[in-house]
Amino acid sequence: MTGPVLDPRALARQLEGRQLIDGKLVASRSGQTFDVNSPATGELVGKAAAGDAADVAAAVESAAKAQVAWAKVPARQRGKLVAECGRLLDEHKEELSRLVALETGKALRTESRVEAGVLADAFHFYGGLGSELKGETVPFNPDMLTMTIREPIGVVGAIIPWNVPMMLMALKIAPALVAGNTVVVKSAEEAPFAVLRVAELMARILPPGAFNILSGMGPECGGPLVAHPKVGKITFTGSVETGKIIYRAAADKLIPVTLELGGKSPMIVMDDADLDKAVAGAISGMRFTRQGQSCTAASRMYVQKGIHDRFVTALKAKVDAMKMGDPLDETTDIGTIVSRQQYEKVNAYIATGKKEGGTAHECSAMPADAKLAKGLYVRPVIFTGLPKDSKVVREEIFGPVTAVLKFDTFEEALAAANDSEYGLAATIWTKDLKTALDGARRLQAGFVQVNQNLVVQPGLSYGGVKTSGLGKEATLEAMLEHFTTKKTVIINMA
Ligand code: ADP
């Protein structure tokens, strides 16, 4: 496997049944595999290796051995190697986009290529930060040189989800590696191949064992990774439920964790907002092009009563114009839900919303292509008129379903927005500076935007409050806080 392989089916076949341990693509110790099917056509994309505790042990041993030498590589040099991975991943951007589109059902043009771009960007960003692993000197005593040193933790375990698998992996592994740690990743069951290809490419540049990747079921493969005595840190993105299991297991070993969990992100639209911009922001914020499968999805839209009806009409018209279809087709805006389990969950929420008294405005048309008849397509739904205690308003759906709720005063909207167990992201749309600032200060969320709805970017601190998680990602500080320990050294010269 040298140059880019643009046929994602051929690439998946080359990666079938493999994991990356100690720099080599190898089968699982048990020989077991599990099927990964395309959510658009139902076809078998490939059989993925079903890793278990024996594979975890092999990968962690390799990572622990490699870490001793890796930590001795000068920090800037480690950064240069990580940036070099970014360059190679950039060269393979198109094949990675196609592979992730095939396995997850995310549309190539609107989503998968965007993800592959941020993947390489994260490596470039962190690759430049090697020399920032600085300590401090402390004016403790004139006869003593007192300083702090940043040291790597050792072996980092990373457990990742399927919705943006390459990008979310990059935001964990690039800082971990630059800081001198080695890494073992457990990929998500639904999306093991694109991240495995990323690993295979990185293995051309990094020493064997610096970066290992396993695929397998959560409890059977992720569980032993968290529990392994040589894993000194866990960084996780996924559901609140699994985050709590991991936090408990990490507590048993007293190791640090970073948890990026769910969200139910509010969007507040004031009467004075620019309607066109707010509607465009609702489309991107709700991640309709990713079928709403985002922890930051703007799935609660609080719209002031003077603009509410026009907002709903304009939003529906825009979503109606979006094309659902084959994820690999360049003209497709919206692909499929990732798995049958998620598909059923999303449809159950739509049924619940209707029972709860909401009006379901169904958008876009189902794809006409017969080969997509088995595809896990869900028409985007905009609910109006739901009561505030509706499950659709309170719970994370992870599908193309949003609730638009009418409000009267700003205070009422703020109270409703903050009345949630989650606190990941939020947006406010207004032309009034005071309202914008007031909202930015008082909204309980880790990532607040006014009059825009950008996705996470390297360099901008990302992470939630309340049950949305613990710890922030994507910045220099995240690398220092989450992937190093601080040692105090005092040299007595008296
Ligand atoms: P989702 O609902 O988005 O699939 P999960 O939290 O179930 O979210 O999965 C996110 C990641 O966590 C996946 O890689 C999954 O395999 C892993 N996982 C699930 N259960 C466990 C567990 N008990 N221990 C460790 N990892 C797990």
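Because only heavy atoms are used, hydrogens play no part in the values below, and waters and symmetry mates are left out as well, while side chains stay in. What you are looking at is a predicted structure, and each value in this text was computed from that prediction instead of being measured. We count ligands from 1, going down the list as the structure has it; atoms in each ligand are counted the same way.
Ion pairing of Glu421 with Lys264 is absent here, as no side-chain N (NZ or NE/NH1/NH2) approaches a carboxylate O to less than 4.0 Å. Contact check on Asp22 versus Lys65 returns no salt bridge, with no Lys/Arg side-chain nitrogen under 4.0 Å from an Asp/Glu carboxylate oxygen. In this structure, Arg109 pairs ionically with Asp333, as a charged nitrogen and a carboxylate oxygen lie closer than 4.0 Å. In this structure, Arg113 pairs ionically with Glu330, as a charged nitrogen and a carboxylate oxygen lie closer than 4.0 Å. Comment: Arg13 does not engage Glu43 in a salt bridge, judged by the lack of any side-chain N to carboxylate O separation of less than 4.0 angstrom. The pair Arg87-Glu84 meets the salt-bridge criterion, with a side-chain N (NZ, NE, NH1 or NH2) lying under 4.0 Å from an Asp/Glu carboxylate O.
The shell of residues lying under 4.0 angstrom from ligand 1, judged by heavy atoms, includes Ser187. The shortest heavy-atom distance from Trp162 to ligand 1 is under 4.0 Å.
For atom 2 (O) of ligand 1, the closest non-hydrogen atom on the protein side is Ser239 CB, 4.2 Å. In terms of protein heavy atoms, atom 20 (N) of ligand 1 is closest to Thr242 CG2, 3.4 Å. Annotation: atom 17 (C) of ligand 1 to nearest protein heavy atom, Ile159 CG2, 3.6 Å. At the shortest separation from atom 16 (O) of ligand 1 among protein heavy atoms lies Lys186 NZ, 2.5 Å. Protein heavy atom at the shortest distance from atom 18 (N) of ligand 1 is Gly218 CA, 3.4 Å.
In this structure, a donor-acceptor pair under 3.5 Å is present between the side chains of Arg300 and Tyr302.
Contact annotation: for Phe398 versus ligand 1, there are no heavy atoms closer than 4.0 Å.
The distance from ligand 1 to the heavy atoms of Glu189 drops below 4.0 Å at these ligand atoms: 13 (C), 15 (C), 16 (O). Atoms of ligand 1 lying under 4.0 Å from any heavy atom of Ile160, numbered from 1 in the order shown and given with element: 11 (C), 13 (C), 14 (O).
Thr332 places no side-chain N or O within donor-acceptor distance of the main-chain N or O of Gly335, the cut-off being under 3.5 Å.
For atom 9 (O) of ligand 1, no protein non-hydrogen atom is found at a distance below 4.0 Å.
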